[in-house]
Amino acid sequence: MSANRLRTALTMLGIIIGITSVVLLLALGDSMQRFIGKELEALGTNMLFISPGGNRAAAQRMRAGAAPALTLADAAALNTLPSLAGAAPALQSGFKLAVGNETSSSSVSGVTPAMFKIRNWKMELGSVFSEADVRAASRSVIIGHKVADQFFYKMDPLGKYIRIENVAFQVVGVLHGEGKQIDGPDLSELVLVPITAARAHLIRNPFPDNVHYVVAQGKSDGNLQDAIEDINETLRDRHHIKFEEPDDFRIDNLASFAETAGKISAGIAALLGLIGAISLVVGGIGIMNIMLVSVTERTREIGIRMAIGAKPRDVLLQFLTEAVVICLAGGVVGIAIAMGLAAAITASGKFDVVISLSAVIVACGFSSLVGVFFGFYPARRASRLLPVDCLRYE
């Protein structure tokens, strides 16, 4: 190996590429699963989104004079269910925001104080609306920190005013954190007003008690399926839906989204690992080819060793050891390259890639197996050569 450094390096190259692929792709798969889990945890996996619609045809409901709808009274009724920790209604629509000459368009949500508790929204500055603000339809607004940076850069936004469709709302709080919300924009881009203020000043609705959706939270120590059944029974009863008729509402379970996302991410992680393993097998085939050439070139060496007393198993062990050493050395270099690439990806700030100890152990073990598997045939072929034929070989 030392006398043929270029050949050894080229032999190792396939293993280096394969190990780098295996380790990095396994790390990417694990990191993707953690990222998806973190995002879903931020959304809240015990939350339920109830929206009007369901499977009932709109034309059928219109003929009956009752288009699918949810109301404030529905939300209040859900709040009394023992299987729920709470339920909060919401109105939502897009509006133009303006502060001075700075303008932008954004989704504005009308919510109640209960929404902050259910969604686990924390305040960076200021405070949440009070029930008195909701009763008075107070023109107060809570914004995400990206909205605050856009309109009040390097300023204290509390007490300042934002015009929403030319209606002035006073900033009373800034939300903490960021993260995509299932029912709207990123947390850092939210614009929240009391639901009564949204209904009075922004969203002109001929049915003032209607809401766009209701967010409910199942109790942490309860069965979410029981909560879904309770919601279904309560709303069917309130909407006077007969037994044979379908629902005029839809319940979306975030836990089912999390389960589906987990299965998809696990499948992608397995696929990435398989792709890396294929590249490692290709590297192993390269090792076998080089070792076969090496056996042919070193025929006289093999003959001399066997002529002075070496047994076939000694020759077998020699060539098998060379193959394993090449694979292990390539594995170490591949792991180092993978760790460097993972650190570079993490440093970019776009994705957090962490190489686990299990991935390193799997890579080292797999590289050893590749060395043994693909090095065995050349080693066995070398051990079965006859000394006389080897010494005559030119």
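Just so we're clear, the structure is a prediction, and the values are computed from it rather than from any experiment.
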So do the side chains of [X] and [Y] get within less than 4.5 Å of each other, counting heavy atoms only?
{"X": "Glu189", "Y": "Ser106", "result": "no"}
{"X": "Ser138", "Y": "Phe129", "result": "no"}
{"X": "Asp248", "Y": "His240", "result": "no"}
{"X": "Leu202", "Y": "Ser93", "result": "no"}
{"X": "Ile203", "Y": "His212", "result": "yes"}
{"X": "Val99", "Y": "Lys160", "result": "no"}
{"X": "Ile143", "Y": "Val174", "result": "yes"}
{"X": "Leu175", "Y": "Lys122", "result": "no"}

Any chance you could measure [X], atom [atom1], to [Y], atom [atom2], to the nearest 0.5 Å?
{"X": "Ile335", "Y": "Leu24", "atom1": "CD1", "atom2": "CG", "result": "12.0 Å"}
{"X": "Phe169", "Y": "His201", "atom1": "CZ", "atom2": "NE2", "result": "5.5 Å"}
{"X": "Gln150", "Y": "Ile162", "atom1": "CD", "atom2": "CD1", "result": "9.0 Å"}
{"X": "Ile326", "Y": "Thr321", "atom1": "CD1", "atom2": "OG1", "result": "11.0 Å"}
{"X": "Glu102", "Y": "Leu97", "atom1": "CD", "atom2": "CG", "result": "10.5 Å"}
{"X": "Glu233", "Y": "Glu229", "atom1": "CD", "atom2": "CD", "result": "9.0 Å"}

Is it true that a side-chain atom of Glu165 and a backbone atom of Lys96 form a donor plus acceptor pair closer than 3.5 Å?
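Between the backbone of Lys96 and the side chain of Glu165 there is a qualifying donor-acceptor contact (under 3.5 Å).
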
Could you check whether any side-chain N or O of Asn79 sits under 3.5 Å from a backbone N or O of Ala76, counting only pairs where one atom can act as donor and the other as acceptor?
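Judged by distance alone, no pair lies under 3.5 Å.
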
Quick check: is [Y] connected to [X] through a chain of hydrophobic side chains (ILVMFWY, heavy atoms under 4.5 Å apart)?
{"X": "Leu13", "Y": "Ile337", "answer": "no"}
{"X": "Val332", "Y": "Ile17", "answer": "no"}
{"X": "Ile308", "Y": "Leu316", "answer": "no"}

Provide the closest heavy-atom pair for [X] versus [Y] in the form atom of the first, atom of the second, distance.
{"X": "Gly330", "Y": "Ile16", "value": "O-CG1, 3.5 Å"}
{"X": "Asn210", "Y": "Leu91", "value": "O-CD2, 3.5 Å"}
{"X": "Ala77", "Y": "Thr234", "value": "CB-CG2, 4.3 Å"}
{"X": "Leu158", "Y": "Gly126", "value": "CD1-N, 3.8 Å"}
{"X": "Ala87", "Y": "Ala75", "value": "CB-O, 4.0 Å"}
{"X": "Asp133", "Y": "Thr196", "value": "O-OG1, 4.2 Å"}

In this structure, which one of Ile118, Val128, Leu192, Ile195 forms a side-chain contact (heavy atoms from CB on, under 4.5 Å) with Val111?
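Result: among Ile118, Val128, Leu192, Ile195, Leu192 is the only option passing the side-chain contact (heavy atoms from CB on, under 4.5 Å) with Val111.
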
Intermediate values then yes/no, side-chain contact (heavy atoms from CB on, under 4.5 Å), Val171 and Phe151
CA-CA 11 Å; Val171 178; Phe151 290 116; over 6 Å; no

My understanding is that only residues two or more places apart in sequence, or in another chain, count here; which of them pass side-chain hydrogen bond (donor to acceptor under 3.5 Å, both in side chains) with Arg163?
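Here no residue qualifies.
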
Are Ile142 and Val172 close enough, and set up right, to give a side-chain contact (heavy atoms from CB on, under 4.5 Å), and what steps lead you there?
CA-CA 6 Å; Ile142 294 174; Val172 297; 3.8 Å; yes

Where do Tyr161 and Val141 land on the side-chain contact (heavy atoms from CB on, under 4.5 Å) test, with the steps shown first?
CA-CA 9 Å; Tyr161 285 87; Val141 62; over 6 Å; no

Trace of the side-chain contact (heavy atoms from CB on, under 4.5 Å) decision for Arg199 with Asp209
CA-CA 9 Å; Arg199 188 175 59 192; Asp209 287 336; 3.9 Å; yes

Could you walk me through whether Ser83 and Asp230 pass side-chain hydrogen bond (donor to acceptor under 3.5 Å, both in side chains), step by step?
CA-CA 7 Å; Ser83 57; Asp230 288 346; 2.7 Å; yes

Over 60° means perpendicular and under 30° means parallel, so classify the ring planes of Trp121 and Phe116, tilted if in between.
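Perpendicular.
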
